[in-house]
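Data first, discussion second: the structure below is written as structure tokens.
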Amino acid sequence: MKTKFLLYGVLILIFVAGNTSVAQVKTGKKSMHSTGYSINNDASGKAHENVTTTIDNSEYKMELVNEKMTAFYVDGKLIPAEQYNQYETVITQIKEQMRLDKIQAKKDQEQTKLDQEQANKDQHQAKLDQEQANKDQAAAKLDMERAEKDQHQAKLDQEQANKGQHQAKLDQERANEDKLNAKLDMERAEKDQHQAKLDQEQASKDQIQAKLDQEQAIKDQAQAKIDQKQAEEDQKLMKQLVNDLIKDGIVPDEQHLLSVTLSSTGMTVNDKKQPDEVYRKYKEKYNRFATGNFSYGNTQNGNKSIHMHRPSK
């Protein structure tokens, strides 16, 4: 069986280096957070998709085969197909976000492909420039050899001119002409050498640029994977923090948790500063949030926001 797993950013939290914040997908007054997504092809070539999403504290799980929904769960309960119309708004919202994220993933793949193609073009051009530089150097060498031969011939002609006055005059004129040609050949040889040097320098620059473009494409792919993994980990860490606040009796439940801040200097819950022992416990367990000046807000209409501001490295 040939199976492919594609990681899409389906309603995930997106982090930006230097000024990091957790993004929400909102529709009307609802807030949506994805907790999982996978896709694979079975032996017959059918695409099986599974997506788990939390909307306003309710967990929805959807299973699709070739983009057709085959199962739908609400808080772990399987919903009969005849009741799907009761969840039409939520189903439409989830499918639309899946569609948008697939489009974005495809754009990112196409951009990476374009960067790779450009790097290949630069490498090819560098090779052509190198070949041209070699040709120019060879031509310059031939011109130099021809100039030396012409100078030698001029000397022989001068000696022959001494044998007779009339012949000397004719030979002198020829020698002068050969000298002029030799000078022109010499100048042309120098120009060819200079051009060969310029071509060589350009070839080196093109090779360096091609290498930089290729390295940047690899870095972009690696960073995209790191950002996606970090977003998933931070989402799980935030859920664990809320559970700990409830478990420790700081808030009775998630609905009563209106705000949380956690930094390198202190901690507040619902705008109330927490005792040092509570702060030390949460700072040690959630050090990633503490070092990022973390803040969490939960408004009365159910909208949640998370922000972290990290100093640039």
Side-chain angles (χ1 to χ4, degrees), residues 2 4-9 14-18 101-162 167-230 312-313:
K2 183 179 181 183
K4 296 181 178 178
F5 290 93
L6 305 177
L7 297 177
Y8 291 109
I14 302 172
F15 280 77
V16 180
D101 289 330
K102 287 179 181 179
I103 292 174
Q104 185 60 45
K106 184 176 181 181
K107 288 181 179 179
D108 292 341
Q109 288 177 330
E110 291 175 350
Q111 184 59 47
T112 299
K113 182 180 179 181
L114 290 175
D115 291 342
Q116 185 64 47
E117 291 176 350
Q118 184 60 45
N120 292 337
K121 289 181 181 178
D122 290 341
Q123 286 181 320
H124 179 67
Q125 185 59 47
K127 182 179 179 181
L128 294 178
D129 291 341
Q130 182 67 49
E131 292 174 351
Q132 184 60 44
N134 293 337
K135 290 180 181 179
D136 291 339
Q137 285 179 322
K141 182 178 180 180
L142 291 175
D143 289 340
M144 181 67 75
E145 292 174 351
R146 187 162 50 248
E148 292 174 352
K149 289 180 181 180
D150 288 340
Q151 285 179 323
H152 179 67
Q153 186 61 44
K155 182 179 179 180
L156 294 176
D157 290 343
Q158 185 65 45
E159 293 173 352
Q160 184 64 33
N162 294 334
Q167 187 63 41
K169 182 179 180 180
L170 295 176
D171 291 341
Q172 184 66 47
E173 292 175 352
R174 181 180 178 184
N176 291 338
E177 183 178 352
D178 289 341
K179 285 182 180 180
L180 177 61
N181 290 334
K183 181 180 180 180
L184 293 175
D185 289 341
M186 181 69 73
E187 292 175 350
R188 184 162 53 250
E190 291 175 352
K191 289 182 180 179
D192 289 342
Q193 284 182 321
H194 179 67
Q195 185 60 45
K197 182 179 179 181
L198 293 177
D199 292 340
Q200 181 70 40
E201 291 174 351
Q202 186 60 46
S204 298
K205 290 179 180 179
D206 290 341
Q207 285 178 323
I208 292 172
Q209 187 59 48
K211 183 178 179 181
L212 291 175
D213 291 341
Q214 194 167 27
E215 290 175 351
Q216 187 60 45
I218 295 172
K219 289 180 180 178
D220 290 342
Q221 287 177 324
Q223 188 59 46
K225 186 176 181 180
I226 291 172
D227 289 345
Q228 185 176 21
K229 182 178 179 181
Q230 188 61 65
S312 299
K313 294 181 180 178

Taking the side chain as every heavy atom from C-beta outward, state whether Asp199 and Gln195 have any pair of such atoms under 4.5 Å apart.
yes
Lys179 side chain reached by Gln151 side chain, heavy atoms, under 4.5 Å
no
At what distance, to the nearest 0.5 angstrom, does [atom1] of [X] lie from [atom2] of [Y]?
X      : Y      : atom1 : atom2 : value
Asn181 : Arg174 : CG    : CZ    : 11.0 Å
Asp220 : Glu215 : CG    : CD    : 12.0 Å
Gln202 : Lys197 : CD    : NZ    : 14.5 Å
Gln216 : Thr112 : CD    : OG1   : 11.0 Å
Lys211 : Ile208 : NZ    : CD1   : 9.0 Å
Lys191 : Asp136 : NZ    : CG    : 14.0 Å

Sorted by chain and number, sequence neighbours left out, side-chain contact (heavy atoms from CB on, under 4.5 Å) with Gln137 holds for Asn134, Ala196
The criterion is salt bridge (Lys or Arg N to Asp or Glu O under 4.0 Å); which residues satisfy it with Asp185, sequence neighbours excluded?
Arg188
Hits for salt bridge (Lys or Arg N to Asp or Glu O under 4.0 Å) against Asp192, two or more places apart or cross-chain, chain-then-number order -> none
Let me see the working for Gln214 and Gln116 under side-chain contact (heavy atoms from CB on, under 4.5 Å), right down to the final yes or no.
CA-CA 6 Å; Gln214 194 167 27; Gln116 185 64 47; 3.4 Å; yes
When you look at Lys141 and Glu145, which way does the side-chain contact (heavy atoms from CB on, under 4.5 Å) test go after all the steps?
CA-CA 6 Å; Lys141 182 178 180 180; Glu145 292 174 351; 3.5 Å; yes
Asp115 and its side-chain contact (heavy atoms from CB on, under 4.5 Å) partner, picked from Glu117, Gln118, Gln111, Lys113
Gln111
